[in-house]
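In the text below, chain A, chain B and the rest are named by the order of the sequence lines, each starting its count at 1. Just so it is clear, the structure is predicted and the values come from calculations on it, not from any experiment.
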Amino acid sequence: MNKKELIKSLELIAVYMELKGENPFKISAYRKAAQALEQDERSLSEMEDPAKLTGIGKGTAAVVEELRETNRSELLETLKEEVPSGLVPLLDLPGLGGKKLAKLYQELGVHDAASLKKECHAGNVQKLAGFGVKTEEKIISALEDMGNRPERLPIHFMLEAAKVVEQQIEEHVEIDRYARAGSLRRMEETIKDLDYIMVVEDPDTARKQLKQLDLVSDVIADGQAKVSLELSFTYPVQVDVRLVEEKAFATTLHHFTGSKDHNVLIRQMAKAQGEKVSEYGVEDLETGDVTTFSSEEAFFSHFGLHYIPPEARLGRDETEQYKEPFETIVRNDIRGDLHMHTTWSDGALSIEEMALEARSRGHEWIAITDHSKFLQVAHGLNEERVLRQIEEIKRVNEKYNDIEILAGIEMDIRPDGTLDLDEDVLKRLDLVIASIHSSFSQTEAEIMHRMKAALYSPYVNIIAHPTGRLIGRREGYKVDVEFLLQEAAATGTALELNSNPNRLDLSAEWLRKTSEIGTMITINTDAHSPDMLNHMDIGAGIARKALLQKGQIINTRSYASLLSFLQEKRRIETE
DNA sequence: GCCGTTTTCGGCCCGACTGTTTTCAGTCG
């Protein structure tokens with residue numbers, strides 16, 4: 001059994017215990033054990049004694065050992081016999097948790113969606129103590145909605161939805177200020193719902209206006225401090241709004257930005273110094289005085305921490321990392337973008353137009369990197385057109401003295417592992433990106449054969465979207481990422497952090513491993529149109545999530561320093 | 001079930017909302 005499967009088993013034990021109505025702390029102990037394993041970088045075989053990890057004690061360690069050695073767990077098997085597996089998916093129904101489901105099972109013999117539906121329609125559910133007519137109605141409608149929407153939606157979908165929601169809020173709700181919170185602010189790859197914190201003059205009016213927004217299909221909760229709405233997009237999207245007084249804005253924003261695990265870390269720190277944290281402020285347990293803060297910076301500083309960017313609030317080791325100043329990347333550090341397309345292949349603007357758009361975003365340098373000839377559908381460039389494009393780029397570059405435009409290419413690595421352009425053309429380019437756009441289903445050996453062609457070519461500076469995944473749609477090709485990170489570092493090849501919210505490739509999870517190895521990373525937008533140049537902010541957010549250091553990120557370099565990086569690989573390999 | 005530079009027992013992050021209740025449990029984030 002590998003680590004992933006083992007973690008899954010522990011989580012499954014927790015789920016079954018929940019359905020049995022077990023002690024919630026016991027349940028969370030299994031979840032914590034799973035988490036402890038997940039957050040440890042080592043593989044199962046590299047771990048000598050899992051019980052040494054915080055969060056794994058005698059009981060859970062025994063289960064881990066048993067799973068490791070026998071691939072099964074007595075405890076899990078027993079639970080599976082005691083609790084019908086058909087109940088597991090019912091936990092996803094809103095309003096139904098372990099306790100209610102346990103009761104439904106014990107009292108009515110409910111064991112799956114169909115039997116639950118039957119009991120509801122027979123009117124038996126409303127008769128149970130603690131249940132009622134409304135609960136029964138809600139279950140029926142939840143059962144009907146089940147499967148209409150995936151549990152979480154990809155960030156690119158939610159970013160679009162958020163834009164629409166925010167435009168509506170700004171137009172129709174009387175607000176002093178508001179901010180995004182939740183997993184969208186943390187730049188998670190998938191998002192469950194949209195969260196906003198609002199300061200308003202008149203809460204009653206604001207609540208009324210919120211409920212009247214276009215697209216609102218349901219009001220899920222409507223209280224003094226919180227309004228939950230369902231809006232109809234392609235999928236229904238839940239929007240949670242917290243209404244707060246100005247003085248509680250920072251703490252509320254922090255609280256609802258999460259993550260949940262991050263909040264737990266902060267609250268434990270508070271507790272250790274005799275305080276209690278809630279969305280309303282920090283309470284001194286002795287005096288009962290509540291402190292509020294003018295900003296999140298001030299809030300963190302109260303706990304002796306530097307500002308932790310939302311993306312990095314994972315509830316892992318960030319409260320340790322940010323005790324010392326951590327050189328993370330911010331918008332102003334970004335000096336350029338090395339991956340974009342023009343009308344020469346499948347982009348929307350000319351070279352000059354694209355350069356002006358980049359310049360207006362404060363970039364000091366960019367690279368034009370159209371597709372190469374293998375990508376016929378994108379009107380990729382052959383050798384002759386590459387040479388002509390180099391001339392055109394030179395011409396535009398000479399016209400502007402406040403931005404440097406490099407002549408680059410996004411060259412395909414063909415399925416057979418050959419590069420798509422002749423060496424004597426590659427030599428003439430300032431920068432070469434290599435990409436895989438075909439034969440995604442090859443074996444790992446075949447894919448790695450192609451990767452090696454790029455890694456060991458003296459002309460390839462960057463490997464773009466290294467795993468080829470599309471969030472929520474495509475897994476990506478079979479890459480030995482560990483090897484890629486190592487060899488990229490060894491050969492002076494940078495790996496791309498593709499900022500397109502459909503991709504986010506490499507992922508934050510992989511990027512996290514690069515600091516130690518020393519792999520250079522370039523945050524690229526891969527823009528095909530001017531608005532896509534704005535994706536740089538998303539890429540920077542992912543870099544913060546991965547705790548990348550400034551010095552590792554090519555985008556922070558001056559033009560001269562960028563050039564020396566690009567020339568370094570050629571110099572070494574051609575010597 | 002886990003954990004301890006106050007603790008080997010008694011806590012375990014904290015609060016809002018709903019629907020069920022006449023003071024609170026369950027669920028959710």
Taking only side-chain nitrogens and oxygens of [X], does any of them come within less than 4.0 Å of OP1 or OP2 of [N]?
{"X": "A:Lys138", "N": "B:dG19", "answer": "yes"}
{"X": "A:Lys192", "N": "B:dG29", "answer": "yes"}
{"X": "A:Thr135", "N": "B:dT20", "answer": "yes"}

Can you measure [X] atom [atom1] to [N] atom [atom2] for me and round it to whole angstrom units?
{"X": "A:Gln224", "N": "B:dC17", "atom1": "CD", "atom2": "P", "result": "7 Å"}
{"X": "A:Glu18", "N": "B:dC28", "atom1": "CD", "atom2": "C1'", "result": "12 Å"}
{"X": "A:Arg185", "N": "B:dG29", "atom1": "CZ", "atom2": "C1'", "result": "16 Å"}

Which word best sums up how the rings of A:Tyr322 and A:Phe326 line up, parallel for under 30°, tilted for 30 to 60°, or perpendicular for over 60°?
-> tilted
Check the angle between the aromatic planes of A:Phe157 and A:Phe233 and answer parallel, tilted or perpendicular using the 30° and 60° thresholds.
-> perpendicular
With heavy atoms under 4.0 Å as the rule, sort [X] into base, sugar-phosphate or nothing.
{"X": "A:Lys99", "answer": "sugar-phosphate"}
{"X": "A:Ser28", "answer": "nothing"}
{"X": "A:Ile266", "answer": "nothing"}
{"X": "A:Phe256", "answer": "nothing"}
{"X": "A:Asp222", "answer": "sugar-phosphate"}
{"X": "A:Leu93", "answer": "sugar-phosphate"}
{"X": "A:Pro94", "answer": "sugar-phosphate"}
{"X": "A:Lys276", "answer": "sugar-phosphate"}
{"X": "A:Gly55", "answer": "sugar-phosphate"}

What are the two closest non-hydrogen atoms of A:Leu497 and A:Ile542, and how far apart are they?
-> CD1-CG2, 3.8 Å
Minimal heavy-atom distance between A:Val64 and A:Pro50, with the atoms involved, is CG1-CG, 3.9 Å
Taking the minimum atom-to-atom distance to the side chain of [X], which one of [options] wins?
{"X": "A:Ser278", "options": "B:dC14, B:dG1, B:dG29", "result": "B:dC14"}
{"X": "A:Ala225", "options": "B:dG29, B:dA16, B:dT27", "result": "B:dA16"}
{"X": "A:Tyr280", "options": "B:dC14, B:dG15, B:dG1", "result": "B:dG15"}
{"X": "A:Thr54", "options": "B:dG1, B:dC3, B:dA16", "result": "B:dC3"}

What is the base-pairing partner of B:dT8, counting Watson-Crick and G-U wobble geometry with both distances under 3.5 Å?
-> none
Below 4.0 angstrom, N of the basic side chain to O of the carboxylate: do A:Arg68 and A:Glu65 qualify?
-> yes
For residues A:Leu547 and A:Asp317, determine if any side-chain heavy atom of one lies less than 4.5 Å from a side-chain heavy atom of the other.
-> yes
Say you pick atom C1' in B:dT8 and the same atom in B:dG4; how far apart are they, in whole Å?
-> 8 Å
